[in-house]
Novice: 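If you scroll down you'll find the structure; I have some questions about it.
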Amino acid sequence: MWTDFPLFPEQASSFALKVDGIYFATVLLSVFFAALVSVLVIIFAIKYRRKSPDEIPRQIAGHIGLEIFWTAIPLVLALGMFVWSTVLYFHITTPPANTLEMYVVGKQWMWKLQHPEGKREINELHVPLGQPVRLTMTSEDVLHSFYIPAFRVKKDVVPGRYTSLWFEATKIGSYHLFCAEYCGTEHSRMIGKVHVMEPQDYQNWLTGGVANEPMEVAGERLFEQYACHTCHKVDGKGRGPSLVGLYGKSVGLEGGGSAVVNEAYIRESILNPAVKLVAGYKPIMPTFKGQISEEGVMQLIAYVKSLKAPELTSVE
Ligand code: HEC
Ligand SMILES: [Cu+2]
């Protein structure tokens, strides 16, 4: 439906049909009631018009049956729309477990994208068909918004914060990528393409061309370059805690409370280490604010994520 109609973007992700379903249902419902009310206004205006100059209408005190009738029906319809869209909203905001991770940095006025295997792109994103992809996104300067109409996904990209978005492409092709948040003079040129490829073609594309360094390897190099490894020893005997198996864990904080280690926590630990002190440690970690680029921070995060605790030999 509508695929040849240029007003509507293609349906190229697993969300597209579902989002359009809600969109059209809402529009149809609104059109139906708008038409019903308009037609009744006209009919009643004619039917109950004053027919003689001295006519005085009978007063109507109220009708409990009618009140219930026109309260209950809209209530059921509105709650139905609410439940339907809430269920879809949760689906769209909850990525499945087996996603491919990719990283996005917005900048006036371009999109910079990194694949964990090392490939980097500008204003272009290659993704495989039929595989859930999760983007972790941040901005180097101002607010942007990552928008792929054909996938029916859009999410703000905020400086100093990580937002994420996931989708599963269901159709081979190239689709528009827009910045959907006014971000300065050349906002309208902050556009790109998302290329959906057969999984095999995607693999070839990933490994083809120049040898690329995986993100976690680049992260490991930064880890040594910035001397992180002098304090964060694998065995936990350094001046800082061991980062092995840290990702996804919950750590106790100095002064009570705890924090879950996700991308945002690691970024904050690197840029503002004193904000959340790990219990039992002193605020000796220097800040790396202004020294490591957003891409660098993401590479460090990829490295920390790759430090998996050896199985069975649990340290705790
Ligand atoms: C001078 C020693 C030192 C250096 C250098 C250092 N750190 Fe730290 N780091 C610490 C200490 C001590 C803590 C625990 C206290 C805190 O949370 O600030 C810590 C905490 C952390 C945490 C949170 C750990 C947890 O268990 O929750 C992360 C992540 C981290 N550092 C990453 C890095 C990275 C990446 C670098 C290099 C860019 C680095 N650190 C450099 C000493 C250091
Ligand atoms: Cu922008």
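Predicted, not measured: the structure shown is a model, and the values here were computed from it. Each ligand, and each atom within it, is numbered from 1 in the order the structure gives.
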Novice: Closer than 2.8 Å to atom 8 (Fe) of ligand 1: does that hold for any N, O or S atom in M285?
Specialist: yes
Novice: Determine, using heavy atoms of L243 and all atoms of ligand 1, whether some pair is separated by less than 4.0 Å.
Specialist: yes
Novice: Of all the heavy atoms in E254, does at least one lie under 4.0 Å from an atom in ligand 1?
Specialist: no
Novice: With heavy-atom distances below 4.0 Å as the criterion, list the atoms of ligand 1 near I270.
Specialist: 35 (C)
Novice: Is there any N or O on Y281 that sits under 3.5 Å from an N or O of ligand 1?
Specialist: no
Novice: Do the side chain of N123 and the main chain of W111 share a donor and acceptor less than 3.5 angstrom apart?
Specialist: yes
Novice: Check whether any N or O atom of C231, backbone or side chain, sits under 3.5 Å from an N or O atom of ligand 1, and answer yes or no.
Specialist: no
Novice: Looking at K276, which atoms of ligand 1 are within less than 4.0 Å of one of its heavy atoms?
Specialist: 17 (O)
Novice: Looking only at non-hydrogen atoms, which of H232, H229, K282, R239 approaches atom 21 (C) of ligand 1 most closely?
Specialist: H232
Novice: Between Y265 and V260, is any pair of side-chain heavy atoms under 4.5 Å apart?
Specialist: no
Novice: Could you check atom 13 (C) of ligand 1 against the protein and tell me its nearest heavy-atom contact, residue, atom and distance included?
Specialist: P241 CD, 3.4 Å
Novice: Indicate the ring-plane relationship of F288 and Y226, choosing parallel, tilted or perpendicular according to the 30° and 60° boundaries.
Specialist: perpendicular
Novice: How long is the straight-line distance from OG1 of T71 back to CG of L66, given to the nearest 0.5 Å?
Specialist: 10.0 Å
Novice: Which heavy atom of V104 sits nearest a heavy atom of M298, and at what distance?
Specialist: O-CE, 3.5 Å
Novice: Need the ligand 1 atom indices (1-based, order shown) with element for anything under 4.0 Å from a heavy-atom of A227.
Specialist: 5 (C)
Novice: Have a look at F15 and tell me which of Y23, W166, Y89, F151 forms a ring pair (Phe, Tyr, Trp, His ring centres under 6.0 Å) with it.
Specialist: W166
Novice: What are the atoms of ligand 1, with element, lying closer than 4.0 Å to any heavy atom of I284?
Specialist: 1 (C), 12 (C)
Novice: So, do K107 and E294 sit near enough that their side-chain heavy atoms are less than 4.5 Å apart?
Specialist: no
Novice: Ignoring angles and geometry beyond distance, decide whether V278 reaches within less than 3.5 Å of ligand 1 through its nitrogen or oxygen atoms.
Specialist: yes
Novice: Give the contacting part of L277 toward ligand 1: side chain, backbone, both or neither, where contact means a heavy-atom distance below 4.0 Å.
Specialist: both
Novice: Does A274 approach ligand 1 within less than 4.0 angstrom via side chain, backbone, both or neither, non-hydrogen atoms only?
Specialist: neither
Novice: May I ask you to check whether H187 brings an N, O or S atom to under 2.8 Å from the Cu ion (ligand 2)?
Specialist: no
Novice: For atom 23 (C) of ligand 1, what is the nearest protein heavy atom, given as residue, atom name and distance?
Specialist: S269 OG, 3.5 Å
Novice: Using a distance threshold of 2.8 Å, state whether an N, O or S atom of M190 lies below it from the Cu ion (ligand 2).
Specialist: yes
Novice: Counting only heavy atoms, tell me which of C228, P283, G238 gets closest to atom 37 (C) of ligand 1.
Specialist: C228
Novice: In ligand 1, which numbered atoms sit nearer than 4.0 Å to a non-hydrogen atom of L246?
Specialist: 24 (C), 25 (C), 26 (O)
Novice: Name of the H144 N, O or S atom nearest the Cu ion (ligand 2)?
Specialist: ND1
Novice: Calculate, to the nearest 0.5 Å, the distance between atoms CG and OG1 belonging to L271 and T287 respectively.
Specialist: 6.0 Å
Novice: Is Y265 in polar range of ligand 1, meaning some N or O pair under 3.5 Å apart?
Specialist: yes
Novice: So which heavy atom on I270 is nearest to which on V297, and how close?
Specialist: CD1-CG1, 4.5 Å
Novice: Is it true that, when you exclude H91 itself, more than 12 heavy atoms of the residues, nucleotides or ligands shown sit nearer than 6.0 Å to its NE2?
Specialist: yes
Novice: Using a strict cut-off of 4.0 Å, indicate which atoms of ligand 1 neighbour a heavy atom of G240.
Specialist: 10 (C), 11 (C), 12 (C)
Novice: Pick from K155, M102, E101: which one makes a side chain to side chain contact (heavy atoms under 4.5 Å, CB included) with L135?
Specialist: M102
Novice: Quick one: closest heavy-atom pair of P74 and F69, and the distance?
Specialist: CD-O, 4.3 Å
Novice: Heavy-atom count check: over 12 atoms from other residues, nucleotides or ligands less than 6.0 Å from I64 CD1?
Specialist: no
